[in-house]
Amino acid sequence: MTDTTPPPVNGSLAKEVARLNAWSDRVKAINEPLREPDDSDEPAPLVVFDGGETRRVRKLRAEVAESHLLAELQDDDTPLLLDSPRVRKHRRKAAEAARLHRLAQDPMMRAYRTLRARRRIVAVAMVALTLALGWSTAGVQAFAAEGAAVWSPRWWFAWLVEPFMSLALLVVVSARTYLATLDQPINSPTLTKVERLFLGLTLGMNAWPYLPWSLPEGKSFSVSSLVLHLLGPIVAVAIVIALPIILAAFTRLDLGLVSTPSVPLPYRSNAQDRYTLGTAPVQVLAAHVQNMIDEGRLSPNPGIHKIRTALGPGVVGVDKAREIQRLLASTTPTGDQS
């Protein structure tokens with residue numbers, strides 16, 4: 001017996017058949033003649049062609065939907081308010097630079113930097129002075145030895161002439177330098193003459209063997225040799241003259257620091273410490289103001305403004321001055337208040 005069952009239809013083939021049928025119905029609808037609709041006609045059912053949903057249609061639909069969402073979001077400026085990593089890096093550097101600038105303007109920081117600079121200048125000047133005097137030692141030795149045999153006693157003692165003069169000169173320069181840092185410069189003509197004497201002797205002993213009339217026969221005068229041997233004494237003279245002037249200028253610098261006089265504590269047998277007006281407690285300040293009243297430097301029963309003026313600008317505020325006034329009133333005898 002022969003099997004008449006049709007073979008199974010493939011899925012893709014079924015889709016193609018359905019598409020062909022849909023196009024066939026569409027062609028028939030187009031070829032039918034138009035007629036006037038009447039009331040008995042029912043609306044034709046909407047035919048949806050599955051084959052029209054292509055990849056291009058889906059892509060265009062997605063683009064349209066994306067455009068609508070972008071149009072809604074592009075008016076929001078929130079992303080523009082966020083800092084990028086580069087902006088945050090520059091803001092951090094700018095904030096650090098601003099803090100460093102404020103720190104550089106602080107009076108205490110200025111005083112610290114001034115002290116460091118002054119120490120560095122003094123150290124370099126002293127090293128340069130020592131080297132300059134050591135440089136001139138060789139020239140003085142040649143002058144003092146005066147042709148003595150090498151390794152002879154006179155040759156050895158000639159090396160000691162410049163060092164002991166240099167040490168004496170360094171003593172004078174060190175004293176002038178230190179006192180200049182304390183705003184107490186030495187303006188003594190005698191001390192200036194002593195310095196000039198030591199420097200003049202060093203300069204003369206270095207230059208004498210190389211002057212034209214001191215040269216041995218057969219040796220011509222050389223300006224370069226004379227300048228080379230005068231270099232050490234000239235540098236020493238320049239440092240000795242310039243260093244006190246520089247240090248005096250450092251001392252006169254106005255760093256903006258407010259100095260307050262010290263206030264002694266009331267007597268205690270086991271305490272020797274002292275306060276300043278800026279750190280003293282109210283009781284100590286009241287005692288200090290009372291001492292000023294007793295000495296006649298301040299009128300009795302002073303007001304808040306007079307108390308603040310007597311203690312100095314910026315030392316105490318209004319509240320602290322009012323507390324001092326209250327303590328003074330509580331300690332004043334009744335007969336004195338009338």
Side-chain angles (χ1 to χ4, degrees), residues 114-253:
T114 302
L115 180 61
R116 288 187 59 187
R118 188 174 65 183
R119 287 178 177 175
R120 185 163 53 248
I121 290 173
V122 171
V124 173
M126 285 302 178
V127 171
L129 180 60
T130 304
L131 293 176
L133 293 176
W135 177 268
S136 67
T137 300
V140 175
Q141 194 273 344
F143 173 84
E146 199 176 359
V150 180
W151 312 116
S152 63
R154 182 173 179 177
W155 185 86
W156 278 111
F157 282 115
W159 285 104
L160 302 177
V161 175
E162 175 68 13
F164 74 76
M165 285 198 310
S166 299
L167 290 175
L169 180 62
L170 287 175
V171 169
V172 177
V173 174
S174 300
R176 290 174 65 99
T177 302
Y178 178 72
L179 292 175
T181 60
L182 301 179
D183 198 17
Q184 298 292 332
I186 302 177
N187 298 318
S188 173
T190 303
L191 198 59
T192 303
K193 292 179 181 179
V194 171
E195 288 180 346
R196 291 177 179 177
L197 175 62
F198 285 141
L199 294 172
L201 288 174
T202 302
L203 189 65
M205 287 187 290
N206 274 274
W208 186 264
Y210 302 95
L211 294 175
W213 54 82
S214 301
L215 294 174
E217 295 182 2
K219 188 175 181 179
S220 60
F221 172 72
S222 175
V223 177
S224 60
S225 298
L226 179 62
V227 173
L228 185 64
H229 286 81
L230 290 178
L231 185 62
I234 291 175
V235 172
V237 171
I239 294 175
V240 169
I241 295 175
L243 188 58
I245 300 174
I246 295 173
L247 294 179
F250 269 98
T251 305
R252 291 191 300 268
L253 281 177

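All values reported here derive from a predicted model rather than from experimental measurement.
For the atom pair CG of Leu133 and CZ of Phe198, the computed distance is 11.5 Å after rounding to the nearest 0.5 Å. Here CG of Leu131 is found 11.0 Å from OG of Ser136. Values are rounded to the nearest 0.5 Å. We find the OG1-CD1 distance between Thr192 and Ile186 to be 9.5 Å, quoted to the nearest 0.5 Å. Atom CG of Leu230 is separated from atom OG1 of Thr202 by 11.5 Å, given to the nearest 0.5 angstrom. The CD1 atom of Ile234 lies 12.5 Å from the CD1 atom of Ile239; values are rounded to the nearest 0.5 Å. Expressed to the nearest 0.5 Å, how far CG of Leu211 lies from NE2 of His229 amounts to 11.5 Å.
Using a 4.5 Å heavy-atom threshold, the side chains of Phe250 and Ile121 count as touching. In this structure, Phe143 and Tyr210 have side chains that are not in contact, with every pair of non-hydrogen atoms separated by 4.5 Å or more. Using a 4.5 Å cut-off on side-chain heavy atoms (C-beta onward), Val161 and Gln141 make no contact. Val235 places none of its side-chain heavy atoms less than 4.5 Å from the side chain of Trp135. In this structure, Thr137 and Pro163 have side chains that are in contact, with non-hydrogen atoms separated by less than 4.5 Å. The side-chain heavy atoms of Met126 and Ser174, taken from C-beta on, include a pair separated by under 4.5 Å.
With hydrogens and angles disregarded, no donor-acceptor distance shorter than 3.5 Å links the side chain of Ser152 to the backbone of Ala148.
In terms of heavy atoms, Ala145 sits closest to Ala158 at N-CB, 3.6 Å.
A search for side-chain hydrogen bond (donor to acceptor under 3.5 Å, both in side chains) contacts involving Arg176 returns Glu195, not counting sequence neighbours.
Around CZ of Phe221, the count of heavy atoms belonging to other residues, nucleotides or ligands within 6.0 Å exceeds 12. Few gaps surround CH2 on Trp155; more than 12 heavy atoms of other groups in view lie less than 6.0 Å from it. Sparse packing is recorded around CZ of Arg196, with 12 or fewer heavy atoms of other residues, nucleotides or ligands lying under 6.0 Å away.
Ring planes of Trp151 and Trp156: tilted class, angle from 30 to 60°.
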